[in-house]
Amino acid sequence: MNANQQEAGTADEIRLLRDSAADFVKRSTNHQRTRALRETLPGHDADVLRSLTELGWPAILVPESHGGMGLGLTSMAAVLRELGRGLLGEPVVANWVLPIRALEFGDNDDLKAKLLPQMAEGKVTAALAFQERNGDFGSNVTKTTAVTSKKTVLLSGTKRFVAGCSGADGFLVTANADAGTGLYWIRREAPGLTLSHEWHADGTASGILSLSDAPAEAVAATPATCAAGLARALDEGAVMVCAELLGILSETLDRTLDYLRTRVQFDKPIGSFQALQHKTVDLFILQEICQSVLEQSVRVMDESATTPAERGRMASRCKARLSDAGLRVTREAIQLHGAIAMTDDCDIGLYFKRAITLSAWLGNAEYHRRRFASLQPSGN
Amino acid sequence: MPDDDFRQFMADFIARNLPVDLRGKPYRLGWEKSKPWFQILSKAGLIAPAWPVEYGGMGLAAAKHIIYLEEMDRAGCPWMNEQGTMNVGPALIIHGTEEQRAKYLPRILSGEDVWCQGFSEPNAGSDLASVRTEARVEGDELIINGQKIWTSGAHDANMMFALVRTDKQAKKQAGISFVLMNRLQPGITIRPIRMIDGSSHFNQTFFDDARAKLSDVVGGLNNGWKVANSLLGSERLWAGSPRHAYKYLAILEKVARGAGRASDPSYVERKTHLTLDADDLASTYRRTVSTISTGRGYGYEASLLKIWQTELSQRIMELALEISSDAGGLSGDVSLDGETINLLYPYIESRPPTIFGGTVQIHRNILAKNVLKLPS
C-alpha cells in the first residue's frame, strides 16, 4: 500500500491525536531541559523520546500493512503543531517523516517489509542524507558515488545538513551509479562511514556524513523511482516543518500577548499602547494566514489526485510563508518584550532560535519563492 | 447542484445574457447604465446570491457564493449598486420586522428601489458612534435634521438608510437608530463631491425637517448601532475578497510587459512575493467564508481579511507605478510597447479601501481589543 491509499484520518481521529499531543506538551515542556540539551549529543531527552514512541507517533505515517497507523499528513501536522509549542518536535520530521516517506516511495519492497515495521516501533531510527551543497536540493545535484564491487555497493562522498543524525541507526543516502541516482540504505556502523556535526542555531545537531567506500546494505530506491520519490518526500517534509513552525509562532504570540497584558510601564499595561497593539495585530493576522495555507497544503498533499507540480507549488507556497512568518513573529516578540527577551533566561530566545533553524531547513523563504515562480501552474 | 455544474451554469448564463457594451468596464458604472444587467439577473432570480430562498434570494452556501462572484469577475460583469442587495437587504433579513421585509425586499430585488447609505458625518468618520444627525419622534414620524457625508450613489437612489441620533442623553452607541426613508423628499438635498479620480460618486447629504415613518426604524428605536455593525461585517468581507488583489496583479503583469520588465529577476521576485500574498489570502478567505453560512453575522475574520487585502492591493499598485518609469506620471490610457494601460486610475482606486468601512487602523483597534483582549 502506498500513501495514495492512506486515509487522511477522520476529524475525530485527528482531534484525538491533537488533544493527546497537547496534553503531552503540557506535561513534558521543560525549558530548563531544553537549555541543558543544547549542543549536546544525541541532543534529545531519552525519557521524552520514549514517551513519544510509546504514544505511537513514529508509526503515524507508516502504512498499516507494515505495522503502522497508516494515517496521513493531516494527522502528523496536528501532532507537530502541538509539539512545536513545547519545542519538542526535534525528531519528528527528520526521523519519522522524511526517511519513512523516502523509503516508502522507493521500489524495494523487501526493504520496506524489513525496515518499516521496526521504524514504526521506534526500534530503528533512520535519517535522510540527500544534500551536499548549501542551497542545493533534489537528486540532480548529487556528487556522491555508488560503485558496485563484488556484489557490494560502495558509497563515497560527503553529505551535509543531515538532520536527525545523532540518534540515527542508519541513513538513506542519495548516490550516483552508472544507471543514475538512487537511494541507498547504509547502517551507522558501516566501515568507511564517519559522522561529524555542525550546530543549528537552536543547538540541535546538523550532521556531516563522510563516506569512503562505505558498503550500503540495500538499494532503497532505484533510479526509476528515486528522483520522484525524493521530491515528494521533501515537499511533504517541508510542509511538516511548517506545522512545527506554526506551533512555534503561535506559542510565541500567546506568550507575548500575556506579557503585553501584564507588563506595566507609564502606570499602564504596555498592551494598552496603540503602537504595540497594531504591531501585535499584524502578527496575529500573519498567524491566521499561516494556518490557512498550512491546512490547505496538508489537504493537497494528502489528496491522491495531486500532481507532482501541484504538490511542489503548494509546498513552496507553504514553506515560503511559514519560514518568513516564523522568523518575523519570533523577532518581533523580542522587540515587544524588550531587553528581557535578549537574555538566555527568557524562553522567547529558545523559540526565536528554533524558528531560525526550521526556517532555513529544507529551503528557506527566498528559495521557495524562486521555486514557486519557476513551477508553471497547471490549469489556469 | 455540484459546484462544477454551478460554475458552468453561471458562465453560460453570463455569456448568453451580459450586454456586450457593459463587459470589462474598468470603472464603476452609474445606475442608469448598469440597470439592464441588474434587471436581467433580477428576472432570472440571480440578483441576491446570499439571501435565503424564502426572501427571493439564491440561498447559496459559501463555496457557491464564491463561484458566483468569480464567474461574474471572469466575464467582466459591471459593478452595480450593491447597497440594496448587500447592505439594507441583509440588515432587514436579520433585524427587520415581517412588515418591513414584505414591503422592501421585493422592491430591492426588482430594482424598483435603489438605496444609498447615510452613515458618516463630517465629525463622525472613524468615530462613527459620534453621529449627530438628530431625529425627534413626532406622532408616528421621525423629524430629521443634520448632515451626512460620503453618501455613495445618493444621486442614483430613491431610498436611503441612515444612522440618526434618537436619544441625546444616552451614551454614544446607545442613542442611535437605523432608519429607512424616502431619499427624494423635499427635506433632503444632496451635493456631489468631486474626488481625485475625477468621479463624483460620493455626496454630501443635508436634512432639513426630513421625515421618516416610525415603523421604518429597523431593529427598534435606539438599537441602530447593532444593526449597523452586522451590516458593516458584510462590507468588510467584500473588501477582503482576494479577487481585488488578483485584479491588480493582472494590471501589474500588463504593466510589466509594457515596460519590458516581465522577466527582470528583481521584478519577478517582488511579483512572486505579492502573488503568494494573494494566494495565501485566497486560502484564508475560503477558510473564513466556509465557516459563515447565509444570513448569519460576520466575525473578526472580516476585519482581518480587509486589512490584509486592502494593503496588499496598494502594494501591488505601488510596484506597478514604480516599474512603469515615465509612463507612471501620465494620466488616462497610456500606450506602452503595444499595451494600452490606464495606470493612474487603478493606483488611485486602490487607496480608499483602507479608509472606507472603517480604516485599517480602526480595524486593528477592533482586533486588539475584541480578539487579542489587549487592555485599553
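All values below come from the heavy atoms of this structure, side chains included, with hydrogens, waters and symmetry mates left out. Letters A, B, ... are given to chains in the order of the sequence lines, protein chains preceding strands, and every chain is numbered from 1.
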### Residues forming a ring pair (Phe, Tyr, Trp, His ring centres under 6.0 Å) with B:Tyr68, sequence neighbours excluded
none

### Task
Step through the shown structure and confirm whether more than 12 heavy atoms of other residues, nucleotides or ligands are within 6.0 Å of CZ on A:Arg133.
no

#### Entry: Distance-only side-chain donor-acceptor flag, B:Thr272 / A:Arg370, under 3.5 Å
no

## Note on the structure
Whatever's closer than 4.5 Å to a heavy atom in chain A on B:Lys373 counts as both

### Message
At a heavy-atom distance under 4.5 Å, which candidate from B:Asp279, B:Leu367, B:Val268 has the highest pair count against chain A?
### Response
B:Asp279

### Task
With a 4.5 angstrom heavy-atom cut-off, could you sort out which part of A:Gln277 is near chain B: side chain, backbone, both or neither?
both

### Among the listed options B:Leu281, B:Leu305, B:Asp280, the residue most often paired with chain A at heavy-atom distances under 4.5 Å
B:Asp280

### Query
Looking at side-chain heavy atoms only, is the closest gap between A:Gln291 and B:Arg287 below 4.5 Å?
yes

### Within residues 254-263 of chain A, residues adjacent to chain B where the heavy-atom gap is under 4.5 Å
A:Leu257, A:Leu260, A:Arg261

### Between A:Ser292 and B:Thr284: side-chain donor-acceptor atoms closer than 3.5 Å
yes

### Message
Less than 4.5 Å to any heavy atom of chain A: does that hold for the side chain of B:Val360, its backbone, both, or neither?
### Response
neither

### Task
Would you mind checking which part of A:Gln296 comes under 4.5 Å of any heavy atom in chain B, side chain (CB onward), backbone (N, CA, C, O), both or neither?
side chain

### Query
Where on B:His273 is there a heavy atom nearer than 4.5 Å to chain A: the side chain, the backbone, both, or neither?
both

